Amino acid sequence: MPPNRSLDALAREKLAKLESQQLLRRLHVTDPVGGAGVERDGRRLLNFCSNDYLNLSQHPDVIQAAVDATQRYGAGSGASRLVTGNHPLYEELENALARLKGTDAACVFGSGYLTNVAVIPLLAGASDLVVLDELSHACIHAGTRLSGARFEVFAHNDVEQADRLLRAHRAGHDRALLVTDGVFSMDGDVAPIEALADLAEAHDAWLMTDDAHGIGVLGDGRGSAHAAGCAERVPLQMGTLSKAVGSYGGYVAASAPVIAWMKSRARPLIYSTGLPAAAVAASIAALHIIETDRERCARPLALAKRFCEGAGLPAPESSIIAVVLGTPESALRASERLLADGFLVTAIRPPTVPAGTARLRITFTAEHEESDIDRLAEIVKTEIL
Ligand SMILES: *Cc1c(COP(=O)(O)O)cnc(C)c1O
């Protein structure tokens, strides 16, 4: 039997099983048509599941910056940043990130996922300890496993359990890293950052927050650690340029020596090609908007509040609202119901969320209209909850 025959057979078997469990995922062609609008299968829809919280991916200044940079520097960067891929825009972007985050320095990576896979194995190795929230993003779990460190997972936002784990295991390890999402991507709640900073300091652990859903939205756009009022106590503020910043890439904001160490030693920075200039230039333009347009930064959370009031849900902590429905079928059915009225809200199913907690994840972006929010809230309240 040719080798690909067994491969195809395995793939077919896996697909059939996923299909029978309603867990098969399909890629849908989705065409952005400006603001919060998209077109799918010939239909105009309002996108209520994008992470482009400020709609900056469609902002004319951001698009123009990408076009200009492409003309000036070309389409790709051609090499690792440590070889010749470090075009002049990187320094400007890293300075802007450090300024926004209030740190000495910042390092930009290929994506948010790559950032966690780069940084956690640099900071922790076989003789070290990583303690992380169970609902931390998949790439935090991936980076932790890759690090080879001992890792211990605490129940979601359970500071007391994190404390017990550090008490039990800290002494047997050289270094310790305490990691959490700042805003949890599938639940929309925020981490108890100040309490975690207390813990980290008490146990000589380094606190790292993943602010993928905080930058641009919380703390006047400066992120979840700033919103918690304790950014200076978070030595590793990680995040992405691919969500509210509207472009592509990932970053860590930290002290100058830590950033210099990352630039010299983090493997995805060494062995993967630098970002296209267009992505870096777009991020610079977007950060300028985030720094100067407070109103735009405040809008996603304000709209999430309006929605929750209308739907009779508890007040939100971020621009992400989880409507947990349980089974994959119920989440798919609710998503179809909203689609009928032109609202695009993808059903979120395991393994992205724990079994039994399939849900609608509704996100709010600056260019949503109040009237659409109210219509959506009414349907969710009367037909889904
Ligand atoms: C999306 C996300 C990432 C990954 O960022 P990308 O730039 O999309 O790779 C990392 N962490 C969290 C919490 C996320 O939600």
Side-chain angles (χ1 to χ4, degrees), residues 27 30 49-54 56-57 62 93-94 97 101 106-121 123 130 132-147 153 156-157 177-191 193 196 207-218 223-225 227-228 234 236-253 266 268-269 272-276 278-280 282-283 286-287 290 300 317-322 346 348 351-354 359 361-365:
L27 293 166
T30 308
C49 50
S50 162
N51 301 317
D52 187 7
Y53 299 115
L54 304 176
L56 292 180
S57 78
V62 177
L93 176 56
E94 288 172 341
L97 280 166
K101 292 291 179 178
C107 180
V108 169
F109 294 89
S111 72
Y113 197 110
L114 271 181
T115 305
N116 279 328
V117 170
V119 165
I120 298 172
L123 298 169
V130 179
L132 66 158
D133 188 290
E134 63 179 341
L135 295 186
S136 296
H137 192 264
C139 59
I140 294 178
H141 288 273
T144 300
R145 283 170 189 275
L146 191 62
S147 75
V153 176
H156 179 48
N157 278 350
L177 190 60
L178 178 59
V179 195
T180 183
D181 286 18
V183 176
F184 286 86
S185 54
M186 295 299 136
D187 295 78
D189 57 342
V190 302
I193 296 178
L196 292 174
L207 178 59
M208 173 165 159
T209 55
D210 177 335
D211 206 29
H213 301 276
I215 189 172
V217 176
L218 298 184
S224 55
V234 183
L236 297 151
Q237 296 183 59
M238 173 271 162
T240 176
L241 302 167
S242 323
K243 292 173 180 164
V245 183
S247 172
Y248 200 72
Y251 68 86
V252 178
L269 188 121
S272 186
T273 301
L275 285 167
V280 178
S283 293
L287 286 178
I290 290 171
E317 296 177 52
S318 72
S319 50
I320 303 165
I321 303 301
T346 304
I348 307 287
T352 305
V353 291
R359 66 193 66 184
R361 172 183 179 271
I362 310 177
T363 58
F364 297 88
T365 67

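Numbers here are sequence positions counted from 1. Both counts, for ligands and for their atoms, begin at 1 and track the order of listing. Source: prediction; values computed, not measured.
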Strictly under 4.0 angstrom, heavy-atom based: which residues surround ligand 1? Ser111, Gly112, Tyr113, His137, Cys139, Asp181, Ser185, Asp210, Ala212, His213, Thr240, Ser242, Lys243, Gly249

Show me the pairs that pass salt bridge (Lys or Arg N to Asp or Glu O under 4.0 Å) and involve residues 177-187, at least two apart or across chains. Asp187-Arg359

Exactly one of Gln237, Lys243, Lys101 should register a side-chain hydrogen bond (donor to acceptor under 3.5 Å, both in side chains) with Asp211. Which one does? Lys101

Paired with Leu287, the side-chain contact (heavy atoms from CB on, under 4.5 Å) test is passed by just one of Val245, Val62, Leu56, namely Val245

Got a sec, which residues hit side chain to side chain donor-acceptor pair (under 3.5 Å) with Ser147, two or more places apart in sequence or on another chain? none

Examine the side chains of His213 and Tyr53 and answer whether a donor and an acceptor come within less than 3.5 Å of each other. yes

By side chain to side chain donor-acceptor pair (under 3.5 Å), Thr115 pairs with (sequence neighbours left out) none

